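Written below as structure tokens is the structure these notes are about.
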There are 2 protein chains.
Amino acid sequence: MGEKLTAVTMKTLANKLGVSITTVSNAYSKPDRLSTDLRDQILATAKELGYCGPSAAGRALRSGKTDVCGFLFHGGVSHAFSDPYSIMLLAGLSEAVEEYGASVLLLRAPAAEEATNQMLQRAAIDALVVGSAERQESGIEQLRQRGVRIVSTAPSADGDWVTINDAKAGRLIGKHLARLGHRQVVVIASGASKGGMESFDYSPDGMDDRLFAGTYESERIRGLWEKMPDARITVAFAGHCIRESGRRAAGQALDVQDRPTAIVALSDTLALGAWDAAQERGLTPGRDLSISGFDDIPDARFLGITTIHQPVTEKGRLIGRLAMDPDYPDRQITLPIELIVRASTGPAPKN
Amino acid sequence: MGEKLTAVTMKTLANKLGVSITTVSNAYSKPDRLSTDLRDQILATAKELGYCGPSAAGRALRSGKTDVCGFLFHGGVSHAFSDPYSIMLLAGLSEAVEEYGASVLLLRAPAAEEATNQMLQRAAIDALVVGSAERQESGIEQLRQRGVRIVSTAPSADGDWVTINDAKAGRLIGKHLARLGHRQVVVIASGASKGGMESFDYSPDGMDDRLFAGTYESERIRGLWEKMPDARITVAFAGHCIRESGRRAAGQALDVQDRPTAIVALSDTLALGAWDAAQERGLTPGRDLSISGFDDIPDARFLGITTIHQPVTEKGRLIGRLAMDPDYPDRQITLPIELIVRASTGPAPKN
DNA sequence: ACGTTACACTTTATCGATTAACTTAGCAAG
DNA sequence: CTTGCTAAGTTAATCGATAAAGTGTAACGT
């Protein structure tokens with residue numbers, strides 16, 4: 001019966017009221033450019049005809065604004081949501097972005113770089129939030145040229161970012177462990193191992209082959225190393241930043257003759273896994289084995305894991321502001337961190 | 001110098017190669033409508049000129065497809081991300097949606113319904129995933145008329161949904177607790193209390209005033225009630241579905257003369273809070289007090305909380321398929337559930 | 001009285017791409 | 001030799017809205 005096959009658009013309203021389309025448009029986006037009377041009339045007619053505001057697609061095409069902020073998940077498949085750190089960051093981001101009347105678009109990078117690029121180009125976004133490694137990728141650069149603002153969580157000479165001093169974070173952990181007498185440390189990193197190696201002994205030279213320079217992980221390790229000159233530091237790769245991967249990697253590190261006295265997981269999520277691995281082997285964290293993490297996620301507090309606190313939600317908020325507001329003054333922000341000592345670390349056991 | 005101020009579009013390519021814009025478009029979206037040779041040429045030229053695929057805005061306007069699936073968070077502000085259930089659902093959704101080459105747009109409903117509507121209408125989406133209560137709202141109906149597919153997590157006569165049998169879930173818990181001899185139960189619901197009441201005794205009649213009919217929570221309570229005919233069931237509202245709110249609500253319920261012998265939290269997140277409240281009061285769950293939840297989130301397993309398992313991630317995946325594929329055959333899906341008995345429930349203590 | 005502004009709209013020209021409806025040319029079948 | 005069909009393109013018409021520039025009053029200052 002009353003089924004309209006044609007959508008109600010600004011044109012419909014304009015015709016019905018005998019005004020121009022522009023005026024209808026202004027009624028929504030520039031209220032001061034027309035009389036209050038007319039505006040009220042237009043809005044009333046809109047309600048009457050069931051018109052519900054400017055179409056996002058039309059607006060996006062003409063004005064170039066989408067009111068959407070992309071969030072690129074690193075680390076692939078379905079693991080992204082398993083890391084509380086990501087989720088907390090996302091919560092803060094979402095909150096800030098919302099204040100600008102915008103929303104967050106989740107972009108999960110497929111394994112292939114080609115595919116990731118495609119996905120990025122296909123997304124209608126005003127800004128994009130990326131992690132450390134990705135900001136070099138060609139697709140990101142293309143986006144920037146298209147006018148998409150890029151905000152990173154890793155520092156760089158130019159560009160916008162919100163970060164922490166990861167090297168310092170590493171130093172704080174290193175100093176703490178050194179004082180406790182640890183000399184044999186296994187670091188658990190999230191990345192997949194390059195070249196098929198299970199693990200390798202760390203030295204700051206020749207790292208670029210194995211860990212991308214400038215990654216938060218490489219920074220943290222370097223800081224650790226600086227404060228533990230006498231220790232043997234072995235790096236093991238977990239594969240993904242999820243608890244289960246941490247458990248496996250830590251398990252392998254513990255099932256050797258000369259067991260390390262401390263495990264430094266490069267994120268709390270991995271540290272939780274290390275905790276699981278210790279439990280399974282009857283080792284009490286803090287007594288038989290020291291375990292530390294980074295980021296201070298809620299579960300770390302619950303289990304009592306020594307870690308580096310950073311204001312993750314606030315980080316997300318700041319990132320959101322940089323992303324949505326081109327005029328936000330501070331565009332390169334380093335947030336404060338703090339060593340939180342809990343029961344999971346203790347004096348190195350004597351063999 | 002070589003700075004192009006005009007963006008590279010299909011037109012640029014078409015002119016350079018002396019073909020029509022349509023042909024360039026087809027090179028991307030309908031490869032079988034042109035010769036392989038020409039297609040390769042177009043793609044090569046695209047790479048050369050730095051053209052990176054059809055613009056999302058243009059495509060969206062003309063074709064009406066955005067390859068975006070909206071996800072409407074219920075429960076407002078920043079609490080949305082604190083509930084593992086939401087996150088798991090989101091993970092599954094995101095995974096499925098990705099298979100269709102689309103992404104998920106997070107839409108967080110502000111408190112005011114007006115504002116929510118605005119936000120919804122401004123979003124460029126092909127489909128929208130909503131929770132239980134929201135599907136009635138006027139804004140949602142407008143979206144449907146605009147051609148946005150709506151998928152809900154609550155059942156209804158028409159429409160698409162993926163759900164579980166919440167009444168049955170309640171019955172499973174009820175039967176379990178009744179067998180254990182519990183007669184005095186406090187139910188912790190997530191919603192804010194209506195009319196300023198702290199809590200009230202449940203009876204299936206006259207519920208509509210306090211809990212929306214058809215809400216998963218009201219279903220679960222009803223099921224519980226059916227299997228506990230001899231018990232006194234009191235409902236308390238936590239305010240939000242976060243652990244802390246659960247702790248507060250449970251705390252209030254426990255700090256009375258005639259303490260309940262069982263707390264039935266309507267979600268595991270709230271049950272965790274109840275657990276906290278019990279601990280604080282020196283009560284051992286399963287012995288001094290029974291605590292149960294719903295949904296079986298990882299932390300519930302960790303703490304050993306009796307709960308109803310449902311395949312949340314799979315639920316998310318199915319929702320994603322319904323959202324992105326209009327031809328997906330089953331459009332009203334009820335997933336299986338299972339009672340998981342853990343240590344947090346035990347025989348009612350005798351006074 | 002004359003130029004200047006402000007106000008409240010209108011006109012026109014796109015934004016970048018897709019769809020539907022047409023051309024051709026080439027080839028097979030009858 | 002004609003008809004019919006397919007492959008490979010082209011042309012024209014939008015999709016819905018906004019930006020930039022223009023029009024015509026009315027009020028204002030001097």
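A quick note: this is a predicted structure, and the numbers were derived from the prediction, not measured. In the text below, chain A, chain B and the rest are named by the order of the sequence lines, each starting its count at 1.
The shortest side-chain heavy-atom distance between B:L13 and B:L49 falls under the 4.5 Å cut-off. Side-chain contact between B:T153 and B:T163: absent, with no pair of heavy atoms (C-beta onward) separated by less than 4.5 Å. Side-chain contact check for B:T116 versus B:L120: some heavy-atom pair is nearer than 4.5 Å. Contact annotation: the side chain of B:L38 approaches that of B:I42 to within less than 4.5 Å [non-hydrogen atoms, C-beta and beyond]. Side-chain contact between B:V104 and B:S94 is present, with at least one heavy-atom pair separated by less than 4.5 Å.
Using modelled atom types, no side-chain atom of B:R321 and backbone atom of B:Y328 make a donor-acceptor pair closer than 3.5 Å. Under a 3.5 Å cut-off, the side chain of A:R317 and the backbone N or O of A:G92 do not form any donor-acceptor pair. The backbone N or O of B:S156 sits less than 3.5 Å from a side-chain atom of B:W161, completing a donor-acceptor pair.
A:R122 has its CZ atom 12 Å from the C1' atom of C:dA17, to the nearest Å. Look at CG on A:D37: it is 14 Å from C1' on C:dC7, rounded to the nearest Å. Taking atom CD1 of residue B:I42 and atom C1' of nucleotide D:dG9, one finds them 10 Å apart after rounding to whole Å. Note: CG (A:D32) to P (C:dC9) measures 12 Å, nearest angstrom.
Regarding contacts with the backbone of D:dA7, every side-chain N or O of B:S35 stays at 4.0 angstrom or more from both OP1 and OP2.
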Atom pairs under 3.5 Å, N or O on each side, protein against nucleotides 24-27 of chain C: can you list them with distances?
none

Show me the protein contacts with nucleotides 16-20 of chain D, counting only N or O atoms at under 3.5 Å.
unit_1	atom_1	unit_2	atom_2	d
D:dG16	N2	A:G58	O	3.2
D:dA17	OP1	A:Y51	OH	2.4
D:dA17	OP1	A:S55	N	2.9
D:dA17	OP2	A:M10	N	2.7
D:dT18	OP2	A:S25	OG	2.3
D:dT18	O2	A:R62	NH1	2.8
D:dA19	OP2	A:K30	NZ	2.7
D:dA19	N6	A:T22	OG1	3.1

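Using a cutoff of 4.0 Å between basic side-chain nitrogens and carboxylate oxygens, A:K16 and A:E48 are scored as salt-bridged.
Each end of the helix from C:dA1-D:dT30 to C:dG30-D:dC1 yields a helix axis from five base pairs, and these two axes differ in direction by 30° (to the nearest 10 degrees).
Ring planes of B:F73 and B:F81: tilted class, angle from 30 to 60°.
There is no side-chain donor-acceptor pair under 3.5 Å between A:S25 and A:T22.
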